[in-house]
> 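Provided herewith is a single structure, encoded as structure tokens, for subsequent inquiry.
In what follows, chains are A, B, ... by sequence order, proteins preceding strands, each numbered from 1.
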Amino acid sequence: MKVIRITVNGDEIELGVHDAESLQDALRERLGLTGTKKGCSRGVCGACTVLINGEPKNSCLILAARCDGDEITTIEGIARDGELHPLQKAFIHSGAVQCGYCTPGMVMSAYALIQRNPDPSDEEIKQALGGNLCRCTGYTKILDAVRNWNQFEGDFERSPHADDLEAYQTVGKSLPRPDAWDKVSGKAVYTGDIVLPGMLHAKLLHSPIAHGKIVKIDTSEAERIPGVRAVITGADTPDVLYGISPARYDEPVLAKGKVYYVGEPVAAVAAIDERTASRAIGAIKVEYQELEPVLDPVHAMDESAPQLFERYAGNINTLVDHHFGDVEDGLAQADFVMERSFTGNFTNQAPMEPHASVADWKPDLLTIYSSSQIPHYLHYTASYIFDLPLGKIKILRPTVGGGFGAKAQPCILDLVAAVLSKQTGKPVKLVFSREEVFLWHRGRHKQTITMKLGMTKDGRMTALESDIVLDGGAYSSFGVITAYYAGSMLLTLYKIPNYKYLGRRVVTNKPACGAFRGHGTPQPRFALECLINMMCETYDLDPVEVRRINGMEPNYRTVNDLDIGSCEFVQCLDKVVEASGFREKRDRLPVGRGIGLSCGGFVSGAGYAIYRGSVQRHTEKSREPFQKKAIFPHANAYVKISEDGTQAVVFIGAAEIGQGSDTVLCQIAAETLGLPIDRVRIKSDDTDTSPIDLGAYSSRITLMAGNAVKMAGEDVLQKLFPVVAELLDCRADELSAAGGVIFAESDPIKRLDWAEAARMYFNDQSSLIGRGWYKPPEGLGGDYKGAVVGTSPAYSFGALVCEVSVDMQTGKVRLEKFWDFHDCGTPINPMSVHGQVEGAIVMSSGEAIMEGMIFDETGRLVNPNLHEYLLMTIRDAPEIFSGIVDSYEPEGPFGAKEIGEGATVPVIGAVASAIADAIGVWITDLPITPDKILAAIKNDGSPNPTGTKP
Amino acid sequence: MIDLEVRLEEPTSLPDVIALLVEHEGSAKVIAGGTDILVDMKNGDLRPKLLISLARVEGLDAIEVIDDALWIGALVTPNQLVADERLQAWLPALVDAAQCMASYPVRNLATIGGNLCSASPSADLAPSLLVAGAEIVIYKQEGEMRNPLSDFFVDVRRTMLGSAELLTHVVIPKPPPRTGIAYCPFKLREANALAVASSAARLTLEDTGAVSDARVVLGAVAPTPLLAARSSELLVGKKPSSELFAQAAAQASVESKPINDVRGSETHRKALVEVLTRRALEEALHRAQTGGAA
Ligand SMILES: Cc1cc2nc3c(=O)[nH]c(=O)nc-3n(C[C@H](O)[C@H](O)[C@H](O)COP(=O)(O)OP(=O)(O)OC[C@H]3O[C@@H](n4cnc5c(N)ncnc54)[C@H](O)[C@@H]3O)c2cc1C
Ligand code: FES
Ligand code: FES
């Protein structure tokens, strides 16, 4: 131990620290300054940036013991006397904050910059912020915020945004997020920041081999280490498998008898601190009998390949064999047929906040704090595994630092922390390191795709055939659904009459793949959009016209029985082509410069829940048989009015994970209730206080939870209006509410203050509470096996153009500019919509050119860190124009549908096509790295596609 | 997570550092900025019992001109290099190299001494220092000695330093007139990325415009920074031209010995060496002609 004297945020303090303790840990654990975040602990993400004697530095790479005499400023020290620094206000009002996990580090780097240079150029801003990774925003609005920071001095004037809608009071306005204040000032509490009295810290032991039997585990030495409170292995966890789809529950809590991938959790330790737990993990001895690993998904299907699971014959975990219309006939009608192969990549969601969990198992109540997108499914799963009724479990969802699907399934951390808490009688905290985030994965499947498309001379698509092998990794996770989505979602953009899809999801000895933003669809969409562009190039067709001719129209039933409602696809296409100058630029840019067009779209919420009936514990039998309707409402909400009538609080389980759902739901509530936005707040983090909402996946919250909130708001007014009507001497159905006043439409003199009315209601009838819910329409989808996957109450559409330049000598790609137009129905918050689009573009173009998990020949992941798994930095990010087309979806609240996932879907195809345009050769396996580009340019001639006529 | 058994000492003089190193031979490591060693320790690749901090040792964090040479203290950070006007005039290639490293906050922590002593093949600061003919000052119990930097690197992450020796200064001689030096790295993203390959080139011109001295050093394509000797020789005595540079670049590529790893393939690296060397030579020529290193 060393005692250091330091000044922290102006206060001189004396602090005892361990010799080898990082400043990051000292600030967080000893001083409770948890605004300093922990995204990698290896100097790469910048989330831990603090100022030391005025200079920004990564606190994870500093030993606290070396800081004696230093002056340290953390995110908590920037606001003065409760007044935010103008830079912090700029972040809030520019929409630069989403999940907020990168925000403290970002603000610190930017703050240091404006101290040295109050008027920085864009280049200087990018230099200064290059070490701060953000997975949510695409950096566009962060750049805006820093550029304009000094416009937010004092009580600045907030200006309306260009896309704000006039038609409503609150909906359609680019309002700042209610949670942004906490996020810019370091006050937001993420799961990893939580400390409970007597809390223990836990660690996991991972399998070092990809496939093998566990012969023996010896925990005795670990148990003897002072400070260790519990050591558990598979034998200490319930004898039950779990997963996502009840039909494919195949995953144990901790490995039982066998391990299936490098990194699979085998044992866990709870101890008085993290370091003791780590040391104990190192003392556990496991003897394995290695088995031959299965790593290649195609060879995995060979008869000679080892069988990983008895239930998955030929290692095929999911087989989809769909045929709609008559593909042979369709191809025969085609004038042109082209078949090409494409390969995707393993990409990880890499939310900036690593997963974390704190469990506290008391005799009568299991409480789990989880960084989760799906508190309800976690609730369900805990009930199932631990054989407890739902009522004896409470899930709390602290601030979540991004998910993108990584946190869309109950995490090992939640389950192991619960087991350890039960054993020790203490709260237990378990947090992933960045490496563990990669090892747990549940990210994008790598898909190997062969696609064949037929077109007539005038560009009409006659048939599509798709054969996809999905490398699923060790367990099912979301993969069954992924395999279906990879097929079903191809048909929502173009009216293709004949379609055949063979999908095979194969188990291999790699981490399990799951649902990643755009779930299953970005890679097949990349393949199809490229194939269309290839055919247009080869047969001299116009890629815009081809898309227009086949383009989806409103109220259309696809050949695989998806019911499209509102649809402004062609409008998106026309607008993006015009804004980008696509027609003028295509084929006319110089060598090394290219432009690409691609389209996409997604569901606004899955039509069916993942499980059907009531919640089940594993000891209970019968599952309700499949019925073509929602058994229970997918979203449920209350709106409670405070007793003085001044404030509405929305209670709902919809998980705010950084995407902005709290903001959108508050706006919907405010609009419905007729209250100004500052009189609505939301409580969405507690399953005890909020009714079920299925969570943040399948882009469902705006539409489904939005409808539930709207209905709950209407329920409030229905209760309130009769009281007002009596007082004003009018009929209740004549009344409206807006701007905090209730008034008769016909007679403006008849009006009553909203709060006053609500107060009177409380005096006579007790609490004013509205209830609302949303069930998807009955009967969605066809009657064939798997018809439910892809169904949705509404679909989004988008078109995207991207321009790139390529250094023809090194193969380096520079993403110059993107133009995106989206049909997301009514944008409830246009700034949020653009934020989703910008984030999606940067994330997915990173997938297109630089991201990829690499496994060696033994199945070990070679790059489980942010230094070698490359997320784009602000210096790599392109300029982005995001536009919203006029559209109204009758099924959505105020006409809204989704944007969050749909925005990713067109990106890879656009980038790949732009690169092909720039270099004159198609590269069809992802990521399109400089290495591959240079090789393709060198071998030019051969891979250029030519089509065949049947 | 670093084991708490690890101890830290913060001596204030070089002799004290050496005394500690001698006393704890084999189990002690010096820590400068810590950006390499702490990552290694967190990854479990390195487990010293004692860390000896250099931060409180006097006189290692300045850039000074002594006898027509620039003396750069081992603790000077990349951001200090970038900000130094003398260095900008004297060896702009090193400024470029410092600027392309890591990220702004890491550049406030990392040190030139640590960058050289880590001896990572992809490290950014070595190649331009090597072509500039830099020397290093090594401090040990017996006293100080000056060595050419070109002798320093032994293998991947291994230098000639003994276990109780320190690097205290990097000495850059004043470049002769009409000398230009340039550094061209190739990285997969624009910040926080290590070089896939890099090339530093130096040209000194005669009055006639012919090359009187030339050196090409490659990074990330061999276990240590690699002097492309034949490529360098090929340039000497000739008039600079695109053909000459193309020849020298092709030769550099032949001399490189890259491997396949996460950052790139052997083939790509070979191709990169050629492009980067050509670009470095062109920039070096430009600097030599415009008096970049006056
Ligand atoms: C996120 C990140 C990005 C990075 N990007 C780059 C990059 O782009 N380019 C690049 O070149 N490097 C990069 N690095 C590596 C690293 O920052 C540099 O190599 C840095 O210069 C090391 O200096 P240091 O003072 O931090 O070294 P330390 O970690 O303190 O020391 C490194 C090694 O050198 C020894 N040592 C240090 N100083 C001396 C001395 N004076 N005498 C004897 N031995 C000594 C130590 O014992 C240790 O073995 C990156 C690192 C991180 C974490
Ligand atoms: S946590 Fe320090 S840089 Fe990522
Ligand atoms: S807001 Fe930047 S990582 Fe989420």
> What part of B:R269 is in contact with chain A, defined as an atom under 4.5 angstrom from a non-hydrogen atom: side chain, backbone, both or neither?
neither
> Should we say atom CD of B:E25 is surrounded by more than 12 heavy atoms from elsewhere, each under 6.0 Å from it?
no
> Pick one of side chain, backbone, both or neither for A:A128, based on which atoms fall under 4.5 Å of a heavy atom in chain B.
backbone
> Does any heavy atom of chain B fall under 4.5 Å from the side chain of A:I854, the backbone, both, or neither of them?
side chain
> Side chain, backbone, both or neither: which part of A:D68 has a non-hydrogen atom closer than 4.5 Å to chain B?
both
> Please look at A:K932 and chain B and tell me whether the side chain, the backbone, both or neither of the residue comes under 4.5 angstrom of a heavy atom of that chain.
neither
> In terms of heavy-atom proximity below 4.5 Å to chain A, should B:V275 be classed as side chain, backbone, both, or neither?
side chain
> So for B:L188, is it side chain, backbone, both, or neither that comes closer than 4.5 Å to the heavy atoms of chain A?
both
> Return the option, out of A:M850, A:R279, A:M872, A:K126, with the maximum number of heavy-atom pairs under 4.5 Å with chain B.
A:R279
> Side chain from CB out, backbone as N, CA, C, O: work out which of these in A:R66 comes under 4.5 Å of a heavy atom of chain B, or both, or neither.
both
> So for atom CZ, which belongs to B:R47, do other residues, nucleotides or ligands contribute more than 12 heavy atoms lying within a distance under 6.0 Å?
no
> What part of B:I31 is in contact with chain A, defined as an atom under 4.5 angstrom from a non-hydrogen atom: side chain, backbone, both or neither?
both
> Counting only heavy atoms closer than 4.5 Å, note whether A:E868 contacts chain B via side chain, backbone, both or neither.
side chain
> Taking A:K38 first and then A:D25, would you say they form a salt bridge - that is, a charged N and a carboxylate O separated by under 4.0 Å?
yes
> Carefully, step by step, assess A:S805 and A:E816 under the rule side-chain hydrogen bond (donor to acceptor under 3.5 Å, both in side chains).
CA-CA 7 Å; A:S805 53; A:E816 300 289 347; 2.6 Å; yes
> Side chain of B:T77, backbone of B:Q80: donor and acceptor closer than 3.5 Å?
yes
> Select one option (side chain, backbone, both, neither) describing which atoms of A:L133 are under 4.5 Å from chain B's heavy atoms.
side chain
> Examine distances only and state if a side-chain atom of A:E851 and a backbone atom of A:L871 form a donor-acceptor pair shorter than 3.5 Å.
no
> If you take all heavy atoms of B:A191 and A:T873, which pair is closest and at what distance?
O-CG2, 3.9 Å
